[in-house]
2 protein chains.
Amino acid sequence: MSRVNKTQFGILSLLSKKDMSGYDIKQMASKVAPFHWSESNAQIYPILKALEKEELVESHVDQKSGDRNRRIYTITTKGLDALKLWLAEPTEPTPAREELLLKLTAGEHAPIPQFIQQLETFRDQILHRQKALVTIQNNIDSAHAEGLRKMYLQMTYDYAALTLEAKLAWCEKSLQTLREYKG
Amino acid sequence: MSRVNKTQFGILSLLSKKDMSGYDIKQMASKVAPFHWSESNAQIYPILKALEKEELVESHVDQKSGDRNRRIYTITTKGLDALKLWLAEPTEPTPAREELLLKLTAGEHAPIPQFIQQLETFRDQILHRQKALVTIQNNIDSAHAEGLRKMYLQMTYDYAALTLEAKLAWCEKSLQTLREYKG
DNA sequence: CGTGTCATGTAATCAGTTACATGATTCA
DNA sequence: TGAATCATGTAACTGATTACATGACACG
């Protein structure tokens, strides 16, 4: 149970909505889920092949669009079943890995202004993500938008929004603490 | 720059505070930083060996405590320098991986009550972590507690507290949305 | 005709986990 | 004496990233 690849389900999940090529999947992932799943870049091609071998997806070479060697993947009934099985499985918590916090635990070995800078960079990264999130929200509002599907998309948006907000608040608070430390 | 192992710095960071054995490091990590760094369990032994080869740490077999084959590691000046260098480096954002959110993007393929259960489990995991966090806060208040060091420890505690709170809020909100969906 | 994007892939490497193996000490 | 904990390690594997390689098409 614990020995299963999760990225393959991310791919199946995307294919359950629309037939796509490997390239499309990469694009979609970075457009729709950049906050909770890495684009898994060039690893999707081997996974697609493995999925096809297991008969969870089928593929054919696309004829349209200039015959550009595009291989389109389609999810099979077996693939949908596998996806549903995964959805029903218990979800283990993700072990977090925040490099900045790891650095903070060794904070006493660096000058305070250095950490102020680290935190400012962190804050900028958050602000940048928040901007990107607005774009995603627009995608949700316009393109798809049908009942259940929209609700679930909105949920993932909310998750990102709320956690980013919390991180930003922490950042501001910590910056103030650092700036006020000893004068 | 991007091709460096971060866990080794976690280990150096702990050794910068106190000489320790591999076993101690494992214990300490799970006690002091369970929220932002995994215990990296049985991988610390090879890393310790690698660090010793690079002369970033030294070791000796402990004589006390019943001669129990304990190898104690000490950080070297070179090791401290490496640690400080890492602290000064820019910190890239961690790509998040939240399996539950990945499942939500395929939400339309499962019955709503199933996702209610998933979210309830998620909430329980958060509540559990929040309890554990109180213990850590006690550790900070009593054991260590000296100026700068305490401040940085407190910061990592705050980070965990704030992000857990945000996730809990999201969880409650989403549960309500699901329960109210169509009656 | 050259740059950018579309499109697919492989090889090498690194990071991390699981499962296993070994043995000493402590304490009920 | 048997279970729990202390203590160190290895082998095999999985997951993910980096860097590379190839080539077609679109456009200005």
Side-chain angles (χ1 to χ4, degrees), chain A residues 1-11 19-31 33-34 36-54 57 59-73 92-99 102, chain B residues 1-11 19-31 33-34 36-54 57 59-73 92-99 102:
Chain A
M1 202 115 298
S2 62
R3 285 258 114 262
V4 282
N5 180 351
K6 285 148 197 167
T7 296
Q8 68 178 306
F9 293 113
I11 290 175
D19 293 354
M20 280 190 257
S21 69
Y23 191 85
D24 293 334
I25 290 170
K26 197 174 106 188
Q27 301 299 101
M28 274 301 274
S30 64
K31 198 173 285 179
H36 57 267
W37 210 261
S38 109
E39 311 94 274
S40 41
N41 222 337
Q43 66 167 150
I44 58 176
Y45 290 107
I47 290 180
L48 279 172
K49 280 193 174 172
L51 288 175
E52 188 158 30
K53 208 173 175 183
E54 292 176 76
V57 302
S59 75
H60 68 273
V61 175
D62 189 29
Q63 305 297 21
K64 292 166 289 185
S65 67
D67 205 13
R68 205 194 257 248
N69 202 30
R70 255 169 76 84
R71 181 167 286 273
I72 304 295
Y73 288 87
E92 314 127 67
T94 315
R97 297 235 148 178
E98 201 63 66
E99 193 184 353
L102 200 58
Chain B
M1 202 118 298
S2 61
R3 285 258 114 262
V4 281
N5 181 351
K6 284 145 197 170
T7 296
Q8 69 179 305
F9 293 112
I11 291 175
D19 295 354
M20 280 190 257
S21 68
Y23 191 85
D24 293 335
I25 290 170
K26 198 175 104 187
Q27 301 300 101
M28 275 299 275
S30 63
K31 197 173 287 179
H36 57 269
W37 210 260
S38 108
E39 311 95 271
S40 41
N41 221 339
Q43 67 169 148
I44 58 176
Y45 290 107
I47 290 181
L48 280 171
K49 281 194 174 173
L51 287 175
E52 187 158 30
K53 208 173 175 185
E54 291 177 77
V57 302
S59 75
H60 68 274
V61 174
D62 189 30
Q63 305 297 20
K64 293 166 289 187
S65 68
D67 205 12
R68 203 195 258 249
N69 202 29
R70 255 170 74 83
R71 181 166 288 273
I72 305 294
Y73 288 87
E92 314 127 65
T94 315
R97 297 240 148 172
E98 201 64 65
E99 193 185 352
L102 200 58

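In what follows, chains are A, B, ... by sequence order, proteins preceding strands, each numbered from 1.
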So, is [X] close to the [N] phosphate, meaning a side-chain N or O under 4.0 Å from OP1 or OP2?
X: Ser21(A); N: dC6(C); answer: no
X: Arg97(B); N: dA16(D); answer: yes
X: Ser38(B); N: dG16(C); answer: no
X: Asn5(A); N: dA16(D); answer: yes
X: Thr7(A); N: dG15(D); answer: no

Separation of atom [atom1] in [X] from atom [atom2] in [N], rounded to whole Å:
X: Arg70(A); N: dT8(C); atom1: CZ; atom2: P; value: 7 Å
X: Gln27(A); N: dA7(C); atom1: CD; atom2: C1'; value: 10 Å
X: Gln8(A); N: dT14(D); atom1: CD; atom2: P; value: 12 Å
X: Glu92(A); N: dG15(D); atom1: CD; atom2: C1'; value: 14 Å
X: Lys6(A); N: dA16(D); atom1: NZ; atom2: P; value: 8 Å
X: Ile44(B); N: dT17(C); atom1: CD1; atom2: P; value: 12 Å
X: Asn69(B); N: dT25(C); atom1: CG; atom2: C1'; value: 12 Å
X: Leu48(A); N: dG9(C); atom1: CG; atom2: P; value: 8 Å

Side chain proximity check, Gln27(B) to Tyr23(B), heavy atoms < 4.5 angstrom: yes
Side chain to side chain, Arg97(A) and Thr7(B), heavy atoms closer than 4.5 Å: yes
Results of salt bridge (charged side-chain N to carboxylate O under 4.0 Å, His left out) for Glu99(A) - residues two or more places apart only: Lys103(A), Lys6(B)
Listed partners of Tyr73(B) passing ring pair (Phe, Tyr, Trp, His ring centres under 6.0 Å), at least two apart: none
Taking the side chain of [X] as its heavy atoms from C-beta onward, which of [options] lies nearest to it?
X: Arg71(A); options: dT8(C), dC6(D), dA7(C); answer: dT8(C)
X: Gln43(A); options: dA7(C), dA16(D), dG9(C); answer: dA16(D)
X: Tyr45(A); options: dT17(C), dG9(D), dT8(C); answer: dT8(C)
X: Tyr23(A); options: dT5(C), dA7(D), dG16(C); answer: dT5(C)

Sugar-phosphate, base or nothing in reach of Lys49(A), heavy atoms under 4.0 Å: sugar-phosphate
5' precedence on DNA chain D between Pro46(B) and Ile47(A) (nearest-nucleotide basis): Pro46(B)
Of Gly22(B) and Pro95(B), the one whose closest DNA chain D nucleotide lies more 5': Gly22(B)
Interatomic distance, [X] atom [atom1] to [Y] atom [atom2] [nearest 0.5 angstrom]:
X: Glu54(A); Y: Lys49(A); atom1: CD; atom2: NZ; answer: 15.0 Å
X: Ile11(B); Y: Ile47(B); atom1: CD1; atom2: CD1; answer: 4.5 Å
X: Ile44(A); Y: Ser21(A); atom1: CD1; atom2: OG; answer: 8.0 Å
X: Gln43(A); Y: Lys26(A); atom1: CD; atom2: NZ; answer: 11.5 Å

Bend angle of the helix from dC1(C)-dG28(D) to dA28(C)-dT1(D), from helix axes over five pairs at each end, nearest 10°: 20°
